[in-house]
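Below, each value reflects all heavy atoms present in this structure, side chains not excepted, and no hydrogens, waters or symmetry copies. Numbered from 1 within each chain, the chains take letters A, B, ... in sequence-line order.
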There are 2 protein chains.
Amino acid sequence: MTELQHASTDCTQTRSRLLEAARVVFSQHGFQRATVREICALADANVAAVNYHFGSKEELFSQALNFNRLKALQAASIDPDINPEARLRLFVRDFMLILLDEQHASSQCRMMARELADPTPVLDKIVHEAIAPLHAFVGRLLGQIVIAPIEEATLKRYVYSLFGQCLFYRNSHPVLQRLNPDLSYDIAQIEAIAQHISDFTLAALNAKIPD
Amino acid sequence: MTELQHASTDCTQTRSRLLEAARVVFSQHGFQRATVREICALADANVAAVNYHFGSKEELFSQALNFNRLKALQAASIDPDINPEARLRLFVRDFMLILLDEQHASSQCRMMARELADPTPVLDKIVHEAIAPLHAFVGRLLGQIVIAPIEEATLKRYVYSLFGQCLFYRNSHPVLQRLNPDLSYDIAQIEAIAQHISDFTLAALNAKIPD
DNA sequence: TAACATATCAAACACTTGTTTGAAAGTAAA
DNA sequence: TTTACTTTCAAACAAGTGTTTGATATGTTA
């Protein structure tokens with residue numbers, strides 16, 4: 001059986017069930033805490049299935065990663081007919097939906113966010129294929145908003161300030177949950193958060209102009 | 001031997017060596033990945049020492065926590081003789097030094113920051129004793145800067161925006177390291193980061209006034 | 001010194017983890 | 001059907017983990 005057949009015929013049912021289960025479990029517990037046994041249980045497969053189909057837990061994680069949604073996000077915020085400020089608002093809104101909306105079936109991206117603070121061997125791939133382009137994209141976007149010429153290093157700090165605000169809601173979620181116990185995000189709340197971040201960031205950027 | 005003696009006599013040498021080693025190892029690897037064996041090796045003690053002196057790894061972690069530095073930070077930024085904006089700048093500077101300066105012997109605080117995204121049984125204690133007061137403190141500070149009356153929820157989002165920017169440099173450190181491989185922070189760089197965050201935040205807050 | 005509590009240690013325990021194995025079941029072509 | 005190959009499975013493996021144990025040292029007190 002060739003590679004191509006291996007990837008398309010229905011003998012891959014278990015394989016794709018594993019991938020989907022992996023995304024759920026990894027995004028919930030992170031690479032380290034997620035166990036092969038839990039993934040296999042969710043996929044209704046034998047414990048040995050992961051190593052048979054993927055070779056290792058790490059390779060399963062790597063193949064479960066999917067950056068399509070992040071790429072689509074950038075494509076959607078690139079329309080030249082709308083001004084940069086509005087494009088930023090669109091971007092932040094979609095980004096926060098990816099990060100926070102559990103219904104949004106974007107566990108492929110959420111499983112990524114968990115690993116940023118806790119290096120796994122796959123982090124190099126994540127940074128190279130997803131984060132670096134994303135930072136470059138946001139850098140260009142912010143560069144169009146701040147009209148005055150600014151140094152590359154300064155622009156970088158703006159990018160960090162924006163991502164810092166966004167990622168806080170995901171990274172510090174366990175803390176926020178304890179600070180107000182009835183926390184849960186519906187779409188309206190996520191959009192409100194996104195609007196705050198956009199307002200806050202745009203206000204800071206625009207105030208830079210007079211300098 | 002009473003409890004009091006137990007805490008003061010020199011028979012506690014091993015005990016305090018364990019506490020110090022725990023702070024180093026926990027702040028480096030986090031609670032989950034840190035191993036009792038590594039802590040004991042660093043403390044030059046037997047593996048059984050942790051359970052003999054503390055009962056469990058978790059209790060060792062709990063006792064190794066120390067919020068004094070965070071409390072001192074708040075006390076230093078409360079001087080009423082300087083205006084709120086300058087107090088904010090002081091706070092952010094000290095906070096970033098705690099978060100980023102490896103020399104600064106503040107591993108007690110850094111070991112805390114690692115756990116925020118990855119709940120351990122001790123997170124409740126951390127949130128209750130350290131983070132909640134810290135958020136409240138920064139909330140009051142920001143409230144003095146934004147003169148116009150704002151809702152409690154809005155103020156909260158300002159606090160999140162500030163902490164998000166600060167914590168980003170710690171939480172996303174593995175990512176930043178890969179984005180520019182020659183990354184390392186000396187005091188001047190940390191102060192530059194702190195200044196950016198303060199500038200960015202104050203610009204955003206001041207721009208809010210006309211609304 | 002003798003008796004006693006405390007502290008240290010090597011070894012083992014109990015458990016979880018990712019992974020491997022070898023047999024059984026399923027599938028498709030000859 | 002027979003043959004060859006793929007997939008599944010229960011069981012075991014190997015390594016790492018926090019913890020416990022029982023003996024041995026150490027220090028204190030009577």
Side-chain angles (χ1 to χ4, degrees), chain A residues 1-26 28-64 111 114-115 118-122, chain B residues 1-23 25-26 28-64 111 115 118-122:
Chain A
M1 185 178 265
T2 70
E3 269 299 309
L4 220 160
Q5 284 173 322
H6 192 271
S8 58
T9 50
D10 63 346
C11 76
T12 60
Q13 280 181 348
T14 301
R15 193 186 152 90
S16 43
R17 261 186 294 127
L18 279 174
L19 280 172
E20 195 42 47
R23 295 194 181 101
V24 173
V25 177
F26 279 136
Q28 201 167 2
H29 303 308
F31 177 78
Q32 176 88 2
R33 289 166 102 110
T35 70
V36 170
R37 280 171 174 79
E38 182 177 354
I39 293 172
C40 290
L42 186 62
D44 205 23
N46 187 273
V47 221
V50 162
N51 293 277
Y52 177 76
H53 286 284
F54 298 94
S56 69
K57 177 190 181 186
E58 188 182 315
E59 184 59 26
L60 169 62
F61 182 87
S62 179
Q63 296 205 26
M111 68 180 269
R114 285 196 115 282
E115 307 310 316
D118 192 25
T120 65
V122 197
Chain B
M1 185 178 264
T2 69
E3 270 298 309
L4 221 159
Q5 285 174 320
H6 191 270
S8 59
T9 50
D10 63 347
C11 76
T12 62
Q13 280 181 347
T14 301
R15 191 186 153 91
S16 42
R17 262 185 294 127
L18 280 174
L19 280 173
E20 195 42 46
R23 294 192 182 105
V25 177
F26 279 137
Q28 201 166 4
H29 303 307
F31 177 78
Q32 176 88 3
R33 290 166 101 112
T35 70
V36 171
R37 281 171 175 79
E38 182 178 354
I39 294 171
C40 289
L42 186 63
D44 206 22
N46 187 272
V47 222
V50 162
N51 293 278
Y52 177 77
H53 286 283
F54 298 95
S56 69
K57 177 190 181 186
E58 187 182 316
E59 185 58 25
L60 169 61
F61 182 87
S62 179
Q63 295 205 27
M111 67 180 270
E115 308 310 316
D118 192 25
T120 65
V122 197

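- Rounded to whole Å, the distance from CD on A:Glu58 to C1' on C:dT17 is 15 Å.
- Between the C1' atom of C:dT17 and the CG atom of A:Leu60 lies a distance of 15 Å, rounded to the nearest Å.
- Proximity note for B:Asn46 (side chain, C-beta onward) versus C:dA10, D:dT8, C:dA7: the nearest is C:dA10.
- The CZ atom of A:Phe54 sits 18 Å away from the C1' atom of C:dT20 (whole-angstrom rounding).
- Here C:dA7 presents its P atom at 12 Å from CG of B:Leu18, a figure rounded to the nearest Å.
- The separation between A:Glu59 atom CD and C:dT20 atom P is 13 Å, rounded to whole Å.
- When every heavy atom of B:Val50 is checked against every heavy atom of B:Val36, the shortest pair comes out as CG2-CG1, 3.8 Å.
- The residue among B:Ala48 and A:Ala48 whose nearest nucleotide of DNA chain D is located toward the 5' end is A:Ala48.
- With distances taken from any side-chain atom of A:Tyr52 to the nucleotides D:dT8, D:dT20, C:dT8, the minimum falls on D:dT8.
- In this structure the side chain of B:Glu58 never reaches within 4.5 angstrom of the side chain of B:Thr120, judged on heavy atoms.
- Computed from coordinates, the A:Asp44 CG to D:dA10 C1' distance equals 15 Å when rounded to whole Å.
- Rounded to an integer number of Å, the gap from A:His29 NE2 to C:dG18 C1' is 17 Å.
- Note on B:Thr14: a side-chain N or O is less than 4.0 Å away from OP1 or OP2 of C:dT8.
- Along DNA chain D, the nucleotide nearest B:Lys57 and the nucleotide nearest A:Ala45 are compared for position; the residue whose nucleotide lies closer to the 5' end is A:Ala45.
- Annotation for A:Met111 and A:Ala64: closest pair CE-CB, 4.0 Å, computed over non-hydrogen atoms.
- Residue B:His53 places none of its side-chain N or O atoms closer than 4.0 Å to OP1 or OP2 of C:dT6.
- Using a 30° and 60° split on the angle between ring planes, A:Phe61 and A:Phe31 fall in the perpendicular class, above 60°.
- Of the side-chain N and O atoms in A:Asn51, none sit less than 4.0 angstrom from OP1 or OP2 of C:dG18.
- The nearest pair of heavy atoms linking A:Cys40 to A:Leu18 is SG-CD2, 4.1 Å.
- With distances taken from any side-chain atom of A:Val47 to the nucleotides D:dT8, C:dT19, D:dT21, the minimum falls on C:dT19.
- Across residues 32-39 of chain A, A:Arg37 each have a non-hydrogen atom less than 4.0 Å from an atom of DNA chain D (numbered order).
- A salt bridge links A:Arg23 to A:Glu20: one of the charged nitrogens lies within less than 4.0 Å of a carboxylate oxygen.
- Using a 4.5 Å heavy-atom cutoff, the side chains of A:Asn51 and A:Leu60 are not in contact.
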